[in-house]
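To start, the structure under review is shown below, and the notes come after it.
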Amino acid sequence: MVDKVYISETGDYEGREVLLEGWLYNKRSSGKLRFLLVRDGTDIIQCVVFKGDVTEQTFEIADKIQQEASCRIIGTVKKDDRSPLGYELQVKEMEIIASSEDYPITKKEHGVDFLMDHRHLWLRSTRQHAILRIRHEIIRAAREFFDRRDFVLIDTPIFTPNAAEGTTNLFETDYFGSPAYLTQSGQLYGEAAAMAFGKIYCFGPTFRAEKSKTRRHLTEFWMIEPEVAFNDLNDNMVLAEEFVTHIVKSVLKNRKRELDKLERDTTLLEKVEPPFPRLHYKKAAEILKNCEEDFTFGDDFGAPHETLIGEKYEKPVMIHHYPAGVKAFYMKRDPEEPEFALAVDMIAPEGYGEIIGGSQREDDHDVLLGRIREHNLPEEAFQWYLDLRKYGSVPHSGFGLGIERTVSWICGLKHVRETIPFPRLMQRIYP
RNA sequence: UCCGGCGUAGCUCAAUUGGCAGAGCGGGUGGCUGUUAACCACUAGGUUGUAGGUUCGAGUCCUACCGCCGGAGCCA
């Protein structure tokens, strides 16, 4: 009985006969030789079929097998320095499990739209493997970071009865005859959980119905949001920079191969280390003034502004104390300068823009109630949220990190659509 | 919603001033004992996004529409 092995394990079987199961990635030939590149998800191995070594039937199979046909191959593992894997398989027998007629994704380049129409098949390519393995590592490291610090994972609801910040950018669904909305953030529920458990995080999909057609936007994306009781804005920034550092270091350590595959220059990633530069909004606005970029003091920063500031530093930058008027109702204002909110955005370097948005939350019941009224929000819907300020309110803060933008930055991609297995964009909900 | 760009073979693209619609890849057939996006020869493959207009003649110029891409706003 031959051992069935994964390609990633073949190094342990040098000189031995093994059984591989996989799909044909590519095929080349030369006279009486057939070179089959076979993948099984763990890696790719070149299988060499020599006409003199196999039956006529096996050689025929090796000759005719189509791209992405599934197959079973028995052969001997041989060390070979010409192989990227270090090993290849000298084939003895093979069989086709299922054929693959006219596989649409060929070896030549394709356009993005075509590839996105075939996203279910595109996932089989090596570049997508590298990106999605890095995504996995980022998520793994993010959870590890909070788990090690004894944060409790609290899953927040996806159906919500009302909008946190107005309904225009929310997806509405029919919830047994009443409108319900897909969540745009777990934060408010995270605050309730932080009052119960002290330090928590939530991790789940979020939905924005904004008609954004840019390389940074998805309508469905994943966000990881910690919330910590008794943390002020400064604690929040320390947590954020340590968190991002842990993620970057984990990827550099555990996914070197994938970064190489993507030809990512890791020079700047290797410099990610606390402390990150911190910029008061006023200071950031001053930088923009010197850049001749169109900007009015008091406005929020647009994407070009963020890029400009982000490119001035080698590490991620944290901009804090935004004008209260441009920020959400739940953000606490600085008692020293009440025109500014205790908010912080983290801007990734190399033009990747905002990856984190966070703040210290308003913890005073009456002030918060006033804000809800100022914003014309439905007061009754926020009773439970106001309760958190009625029963033992404490200073607290948190932030949300966008997974796809983080993957995009760390992988050095120019578009977020490749960072999620099945992206949902304004113009795309297939496949 | 606004601004800009692009729609030609299954895919990626070319077609000079408006003058015979082409190449590579992929498919098919044949050849080669070490290929690395293998190579070589042959072969099939087209309502040039749609509708109208200008012209002797439109892939090319004009109008409208459709689709996609990028950017702005909004945000992670």
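Keep in mind that what you see is a predicted model, and the values were worked out from it rather than measured. Each chain gets a letter, A, B and so on, in the order its sequence line appears, and its residues count up from 1.
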Salt bridge (Lys or Arg N to Asp or Glu O under 4.0 Å) contacts touching residues 312-324 of chain A (sequence neighbours left out): Lys271(A)-Glu314(A)
Salt bridge (Lys or Arg N to Asp or Glu O under 4.0 Å): pairs with one or both residues in residues 43-54 of chain A, sequence neighbours excluded: Asp43(A)-Arg257(A)
Positions of residues 23-32 of chain A (non-hydrogen atom under 4.0 Å from RNA chain B), listed by number: Asn26(A), Arg28(A), Ser29(A), Ser30(A), Gly31(A), Lys32(A)
Secondary structure of RNA chain B in dot-bracket form (Watson-Crick or G-U wobble, distances below 3.5 Å, | marking inter-strand pairs): (((((((..((((.....[..)))).(((((.......))))).....(((((..]....))))))))))))....
Touch class at under 4.0 angstrom, heavy-atom based, for Glu225(A) against every strand present: nothing
Set of residues satisfying side-chain hydrogen bond (donor to acceptor under 3.5 Å, both in side chains) with respect to Asp265(A), sequence neighbours excluded: Thr267(A)
By side-chain hydrogen bond (donor to acceptor under 3.5 Å, both in side chains) - contacts of Glu137(A) (at least two apart): Arg140(A), Asn254(A)
Sugar-phosphate only, base, or nothing, as touched by Phe35(A) at under 4.0 Å among non-hydrogen atoms: base
Touch class at under 4.0 angstrom, heavy-atom based, for Glu404(A) against every strand present: nothing
No-H, no-angle donor-acceptor pair, Ser212(A) side chain to rC74(B) base, under 3.5 Å: yes
Pairs where residues 74-116 of chain A contributes a residue and the test ring pair (Phe, Tyr, Trp, His ring centres under 6.0 Å) is met, not counting sequence neighbours: His110(A)-Phe114(A), Phe114(A)-His118(A)
Phosphate-side-chain proximity, His415(A) and rG70(B), N/O vs OP1/OP2 below 4.0 Å: yes
Pairs meeting criterion salt bridge (Lys or Arg N to Asp or Glu O under 4.0 Å) with involvement of residues 273-285 of chain A, two or more places apart: Glu241(A)-Arg278(A), Lys249(A)-Glu273(A), Lys282(A)-Glu337(A)
Any Arg208(A) side-chain nitrogen or oxygen under 4.0 Å from OP1 or OP2 of rG73(B): no
Counterpart residues, side-chain hydrogen bond (donor to acceptor under 3.5 Å, both in side chains), relative to His321(A) (two or more places apart): Asp334(A)
Protein-to-nucleotide contact annotation, 5' to 3' order, nucleotides 22-28 of chain B [B base; S sugar-phosphate only; - none; under 4.0 Å, heavy atom]: --SSS--
Residue pairs passing the salt bridge (Lys or Arg N to Asp or Glu O under 4.0 Å) test where at least one lies in residues 422-431 of chain A, sequence neighbours excluded: Asp113(A)-Arg428(A), Asp117(A)-Arg428(A)
Show the atom names and distances, to 0.1 Å, of all donor-acceptor pairs under 3.5 Å that link a side chain in residues 93-101 of chain A to residues at least two apart or in another chain.
| from | atom 1 | to | atom 2 | distance (Å) |
| --- | --- | --- | --- | --- |
| Glu95(A) | OE2 | Arg72(A) | NH1 | 3.3 |
| Ser100(A) | OG | Gln67(A) | O | 2.7 |
| Glu101(A) | OE2 | Gln66(A) | NE2 | 3.3 |

Ser408(A) vs His415(A) side-chain heavy atoms within contact, under 4.5 Å: no
